[in-house]
Each structure stands twice: as C-alpha cells, then as structure tokens.
Amino acid sequence: MSTSTTTTNLPHHIKPKEVSAESTASTSKLSQKTILHILNTKCTTSLQHLKQAHGVALRSGHFQDHYVAGAIVKCYASQHFSNFGFALKVFDSVWRPNVFVWNIVIKGCLENNEALSCISYYCKMVAMNARPNKFTYSILFKACTLVQAVEEALQIHAHVVKNQFGEDGHIRSAGIQMYASFGLVEEARRMLDEAVESNDVICSNAMIDGYMKCGDVEAAKELFEKHMPSKNIGSWNAMVSGLARCGMLKEARELFDGMSEKDEISWSAMVDGYIKGGCHKEALEIFNEMQKENLLSPRKFILSSVLAACANVGAVDQGKWVHAYIKRNTIQLDAVLGAALLDMYAKCGRLDMAWEVFENIKQKQISTWNAMIGGLAMHGRADDAIELFSKMQRSKLEPNGVTFLNVLNACAHSGFVDKGLNFFSSMKKFYGIEPEVEHYGCMVDMFGRAGQLEEAEQLINSMPIKPNAAVWGALLGACRIHGNVEMGERVGRILLELEPQNSGRYALLSNIYAKAGRWDDVEKVRMLMKERGVKTSPGISMVDIGGLVHEFKVGEGSHPQMKEVYLMLETIIEKLQMEGYSPNSSQVLFDIAEEEKETALQYHSEKLAIAFGVLNTKPGTTIRVTKNLRTCEDCHSTIKIFSKVYERDIIVRDRMRYHHFRNGRCSCKDFW
DNA sequence: GTAGGGTTAG
C-alpha cells in the first residue's frame, strides 16, 4: 500500500490538511525526529495541528515509520477528539503495524469504551503474526474485566503463560483484579501466590481489594495483617475503603484513625463509606476534620461525595460552602461535580440555586440535564420538567434511561397519566431504550396515584421483566392512598414475602388496615413483625440552622435544647388546636415504625425539628426539614395548618418527595 | 528511542 492511497481512504471532513505548494518544499524535508516531536507536543490537544502533521507525515513518506504512525494513531485515539472511528481508519492504513502500533490501537479501544474490540484486534494481531508483548496482555486483562469476558480471559491467560509473561507485575495485578471481578477469588489468589518471592505490594493491594469486593473481609484482613511485611498507603486505603464499603464502618474508622499518613483517597474512602451506610452526618463531620488538618486541598471526587451528603441531610449551608470553595479554587465544574452540586441545591429545596448552577454549566452533558429535570420532578414541577426535556432534545442531546425515569416521575407526581404513557411508549419506539424495572415502577406509581389501580396491576402482570419489590411497593402505596383494602392485602402479602425485613412495607400494610378500622389485622401485622424480628428504623428529622445540622429522633432527648423544644411544641399545638386542628394519629394512621414509641410527650421527629426551627429563627423564615421516613398524615395536616397560622413556609423533604407548605396548603396536593 | 500496575469514580 502506498502513501497516496492512504489519503483517499479518509473521510472528507477530517482529511489531513493539504500542505500548500510553497510549504511542501520545507515540510517534506522535516526529519522523522522533528515530526515525532511535533506530534508529541502540539498534536495531543489540537486537531488542527494533528491534521497538519498527519499530512506532512504522509507527504514526507514518514507515515509508515512505526514511531510516527504509532504517535499519529495515538493522538487520533485520544478521548480529547472523541472520534475513535477515525483513529481506527488511520490504523488500517498502517502497513504491517508492529507490536507498538497494535498496542496503541488495543489500548485505544479500551479507553474509548470499546473493550470488546480489544479482544478482536488482539485476534487480528495474532493472525497477522505480530508477537504480542507484556504491554498487550495487561491491557487485555483490563478489557476482559470491563466486559466480564471470562472465557476469553482464560484463553488469554493461557497465552500469557505460554509466552512466559507470567512473572510481569503489571500483568499480574491486572489479572488479580480481573479474576476477583469475576468472583473467581481463588484464581486471583493463585496468581498472587505464584509471586511469593517478589512480594509485590501492589499485587497484594489488588488482592485485598479483590477479597473485599468478593465480600471475604476475613481473608483480606489476614493478608493485610500477616502476609504483607511491606505495606504502603495504598494497602491501608484498600483496607479502609473495603471495610467501609462492606458496612463495617467502626472497623474502617479504627484503621483509618491509626494511619500515620493519609491521602485524599483515605479521606474519600471514609466519606463514601459513611454515605453508603446512610451516615450522612458522620460523612460531613469527617470532611470537616479533614479541613481542620489542613494538609490536603479537597478535589472534585471528595467534593461530590460531600455534596451528596449535604443533599441527604439537607445541609444547604455546608453545600453552599462547597460551592463557594469550587468557585474560589476555580475547580472545573465537570459533569459529575456539576450534577452533584445542582442535585444538592434541588434536594435542599433551593430550586432557584439549582437552576443558576445549571445555567452556568457550559458543557452540559446528559447527566447535567438529567439532574435538573430530576430536581424539577422532585418538586412536583412537572410542566417545567417536561419543558426542559423538550429543550434538551432541541439541543440535539439524546435522552437516556435516567432522563425518562425523571420525566416519568414528574408525570406520576402530577397526575399526568396520558403524557406519561406517551413518554413511556416513545422510549422504545423513538429512542430504542428498553424500559427497565424502574420505569415500570414509575408507571405503576403514576396509575396508582391517579387512582387507576386496575391499570397499575394489569401493567405489573404484563411486564416482560420480573417486577421487583419497588414496583409492588408503588402499588401498595397507591392502595393506601385510595383505601383499597382488598388489593392492598393481596399486594402486601407478596411484598412481605419478597422483603421480609423491610419495616416500611409492614407499616404501609398496617396503615391500610388501620384506615379501614381493621384493628385485628393491624395487630396481626405487628405480631408478624415481632416474630420475624424486623427492625424498625427510627424517624429522624434534620434541620439546618446557621450551618449546623441538628438531628431529632422520636423519644430521644439528646439535643441540648430539648426542653425548650418540647415546650415550644406544646405551645404550637395548643395554638393550632384553637384554630381547629385535632390530632388524628390514634385513629387514622398507625405508623408502626414510629408510633410504638409515641406517648403524649413523644412527637414525631419532624414536629420537633419545626419547633426547634421556630425557636431559633426569626418570624417568617422558611424552615427546611429533611426526614428519613415518609411523613405521616397527622404531621402533614399539622404542618399545613402551622404554615397558615404562623405565616411561615415549611419545606419538608421526606423519603418519598418534597412538601412545600404555604398558607395552609402543600405542594404535594396531599398525595405522597 | 516510543507505553503501563494498586487504593475513590458518587
């Protein structure tokens, strides 16, 4: 193949830049070394330079030099240009690529999310008698990990052994990770043990991580404690993050506290562990501690974790601090961090700020739009969510499954059944997105809220995939709203089998019976819970005042201002009663998750949080409360009246959704 | 003479 045929293969729009007549004379004289230098310095970020250098290489005849060809393919394959297909075309024009050029294209496949192609290029390579080297195999192991290609991995491993690369540390650590990701933890261990004499700390770290990911904490501990004479910070980090991920937060914390040196990954592992375990307050506390140590400047990974924690506890002031920090340190607001930031504002009830962040993100990606649409949906602003969805389509971005989840959610919460149905059917028809179980859950929720319980049940029965507990849960919730005891009983029974340890399901079923006055059945549910040893989660409400998150639990007096809070709450209730409010918790609602503990002086946590808010803010200030469970009907109606009598806005985010109380009404229109 | 490993990825 000659260089001139190479150019004709190239698609027109990206053709290497023609070199003008006068410059040809000089550029064609450029040495291979000079061209390489230009490629390695100027062409990694500038497509214009790259095309020019490509053209020069072709005309000067240096293109077929493997050093040059390799560098050119590598540049085109860079994610910076997001046109990997073209890199492959250029690769095809390389005459008998050597192992280096092959490795570049195989690695390019991996980096451009085409891991399967790694394997097929490897096959081509072998077929063309190019000898793979140790670099080839560590890339291939990673590719197999990514696509979970077990069969291929075993064959490739056999090639590694045959070609005597089994002793290479890079290949070994990639192999350990790979086998652990397949769940073949013994196979991974065998690879590690073959290297007894080399005692490679990085391979051992990979093994610790592998054990942890396979849930074998004991094996990880044993390796860490007994068989690793030399450790580095990565070994400690692997242990801390593994323990934290497995929910063993206390042990993780002990190990973490004992570290002589910590890096951002150590802190991040603890923050993430706390978040995954639902301990958002602890997550924020440890982040504050990190600030105090003042040794590290947090970067985007940990910042987005912290934002997620802020979002979950409603710590808008700390969230704002993170926002200011990002601005002050000109940290780039990429898709992940941007979405975390606007999600935080939306979840803390500050849609205005979420919107501002959204508009300021220059390079909006699909996740950016999804976060904003989700924020609007969460606040019951279905019209705005749908409008934003159309706007996104106009900007030529393809929606994904998450987009539809958010749009459907918006429809469900506003009773837009017809619109929701349209979106649902267009998913597959126009976008080729197969609805997943979550989408069905949304649809069931939508029918259910709108009172179309039969349709909801029909949809479940006609689902092509197995309905999960969330889908049935949506239907059970609808049965409660619409007081359908017959269906509720049926669905409840299915759910109690599916999730025997989920206290919320028992509570919902019990509420349905209570609403129908079937106290015997309420009692039966309660007994069943006791028998099965189901743990209830206590209601916790959090309120963010002056940058500090205050936590209130039912029947717990640990807050320093507890006495005042109770007194204030008594005063409030008295005042509301004079305005016609009467508590209805004993007859209508039976929230066993909390109710068991409720006596005359033990109010639900959201009431305590609001009383605390009244004590500590000026009249007229909006009080924002975040609750871990679904709010009960009594609290809901109390807060409605409260918002009118006290002329205050109250925003409560419960487990299900947002409630914006104003002037005696709630934004959820009493559906939640 | 060209290039890699582990621990976070919300």
Side-chain angles (χ1 to χ4, degrees), chain A residues 32-33 35-37 39-40 65-74 77 98-108 110-111 133-142 145 165 168-178 180 188 191-192 195 198 200-213 220 224 228 231-245 252 255-256 259 262-276 280 283 298-312 334-341 343-344 367 371:
Chain A
Q32 178 245 27
K33 271 222 163 101
I35 296 176
L36 264 182
H37 180 74
L39 282 165
N40 289 329
D65 175 279
H66 289 149
Y67 287 87
V68 174
I72 290 176
V73 175
K74 191 175 165 193
N98 72 351
V99 58
F100 179 69
V101 185
W102 278 108
N103 286 350
I104 281 181
V105 85
I106 294 174
K107 197 171 169 205
L110 184 70
E111 284 167 353
N133 63 10
K134 56 180 184 169
F135 295 102
T136 322
Y137 288 109
S138 48
I139 309 169
L140 285 167
F141 274 174
K142 279 185 201 152
T145 310
F165 292 125
D168 183 84
H170 297 97
I171 295 178
R172 181 172 279 132
S173 69
I176 291 170
Q177 281 178 71
M178 177 180 76
M191 281 194 93
L192 181 72
S198 71
D200 190 328
V201 65
I202 288 175
C203 289
S204 303
N205 292 353
M207 195 64 233
I208 291 179
D209 184 55
Y211 278 135
M212 289 295 193
K213 280 185 180 144
F224 179 77
M228 287 181 65
K231 299 184 182 88
N232 64 12
I233 192 165
S235 327
W236 291 79
N237 284 345
M239 283 298 292
V240 170
S241 72
L243 288 168
R245 262 193 316 239
L255 211 56
F256 174 83
M259 286 173 78
K262 298 179 183 104
D263 62 9
E264 194 184 355
I265 292 169
S266 333
W267 291 96
S268 214
M270 264 335 288
V271 171
D272 279 340
Y274 279 131
I275 291 176
K276 284 206 182 87
H280 302 281
R299 278 182 318 228
K300 60 181 185 181
F301 277 140
I302 197 158
L303 289 177
S304 39
S305 291
V306 168
L307 284 171
C310 295
N312 273 296
D334 65 4
V336 174
L337 192 55
L341 187 60
D343 185 57
M344 181 278 296
S367 54

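Here is the naming used below: chain letters follow the sequence lines, and residue numbers restart at 1 for every chain.
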request  = Run through A:Y274, A:W236, A:W267 and flag the one making a ring pair (Phe, Tyr, Trp, His ring centres under 6.0 Å) with A:F256.
outcome  =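 When A:Y274, A:W236, A:W267 are each tested with A:F256, the ring pair (Phe, Tyr, Trp, His ring centres under 6.0 Å) holds only for A:W267.
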Looking only at side-chain atoms of [X], point me to the closest of [options].
{"X": "A:C203", "options": "B:dT8, B:dG5, B:dA3", "result": "B:dG5"}
{"X": "A:K134", "options": "B:dA3, B:dT2, B:dG4", "result": "B:dG4"}
{"X": "A:N237", "options": "B:dT7, B:dG1, B:dG4", "result": "B:dT7"}
{"X": "A:N133", "options": "B:dG5, B:dT7, B:dA3", "result": "B:dA3"}
{"X": "A:K107", "options": "B:dT7, B:dG5, B:dA3", "result": "B:dA3"}
{"X": "A:A238", "options": "B:dG5, B:dT7, B:dG4", "result": "B:dT7"}
{"X": "A:N98", "options": "B:dT7, B:dT2, B:dG4", "result": "B:dT2"}
{"X": "A:K142", "options": "B:dG5, B:dA3, B:dT7", "result": "B:dG5"}
{"X": "A:D272", "options": "B:dT7, B:dA3, B:dA9", "result": "B:dA9"}
{"X": "A:F100", "options": "B:dG5, B:dA3, B:dT8", "result": "B:dA3"}

Can you tell me how far [atom2] of [N] sits from [atom1] of [X], to the nearest Å?
{"X": "A:Q177", "N": "B:dG4", "atom1": "CD", "atom2": "C1'", "answer": "13 Å"}
{"X": "A:M178", "N": "B:dG5", "atom1": "CE", "atom2": "P", "answer": "17 Å"}
{"X": "A:I72", "N": "B:dA3", "atom1": "CD1", "atom2": "C1'", "answer": "17 Å"}
{"X": "A:N103", "N": "B:dA3", "atom1": "CG", "atom2": "P", "answer": "12 Å"}
{"X": "A:F135", "N": "B:dA3", "atom1": "CZ", "atom2": "C1'", "answer": "5 Å"}
{"X": "A:D65", "N": "B:dG1", "atom1": "CG", "atom2": "P", "answer": "14 Å"}
{"X": "A:L255", "N": "B:dT7", "atom1": "CG", "atom2": "C1'", "answer": "13 Å"}
{"X": "A:L337", "N": "B:dT8", "atom1": "CG", "atom2": "P", "answer": "19 Å"}

query = Do A:S235 and A:V201 have side-chain heavy atoms sitting under 4.5 Å apart?
reply =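 A:S235 reaches A:V201 side chain to side chain.
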inquiry  = A:F100: which residues meet the ring pair (Phe, Tyr, Trp, His ring centres under 6.0 Å) condition with it, sequence neighbours left out?
reply    =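 Once residues adjacent in sequence are excluded, A:F100 has no partner under the ring pair (Phe, Tyr, Trp, His ring centres under 6.0 Å) criterion.
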message = Going by the rule ring pair (Phe, Tyr, Trp, His ring centres under 6.0 Å), which residues pair with A:F165 if we only count those two or more places apart in sequence or in a different chain?
response =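 Listed in chain order: A:Y137.
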inquiry  = Between A:D334 and A:K300, does any NZ, NE, NH1 or NH2 come within less than 4.0 Å of an OD or OE carboxylate oxygen?
reply    =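 So A:K300 pairs with A:D334 through a salt bridge.
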Check every strand shown and say whether [X] touches a base, only sugar-phosphate, or nothing at a heavy-atom separation below 4.0 Å.
{"X": "A:G169", "value": "base"}
{"X": "A:I176", "value": "nothing"}
{"X": "A:S204", "value": "nothing"}
{"X": "A:D168", "value": "base"}

request  = Would you kindly say whether A:N205 and A:N232 are connected by a side-chain donor-acceptor distance under 3.5 Å?
outcome  =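 The answer is yes; a qualifying pair exists.
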ask   = Ring of A:H170 versus six-membered ring of B:dG4: centres under 5.5 Å and planes under 30°?
value =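 One would call A:H170 stacked on the B:dG4 base.
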query = Does the side chain of A:K276 get closer than 4.0 angstrom to OP1 or OP2 of B:dA9 through an N or O atom?
reply =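 So the side chain of A:K276 is within the cut-off, an N or O lying under 4.0 Å from OP1 or OP2 of B:dA9.
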ask   = Any side-chain N or O of A:R245 under 4.0 Å from OP1/OP2 of B:dT7?
value =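 For B:dT7, neither OP1 nor OP2 has a side-chain N or O of A:R245 closer than 4.0 Å.
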ask   = Any N or O donor-acceptor pair linking the side chain of A:S138 to the base of B:dG5 at under 3.5 Å?
value =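 Under the 3.5 Å cut-off, the side chain and the base do not form any donor-acceptor pair.
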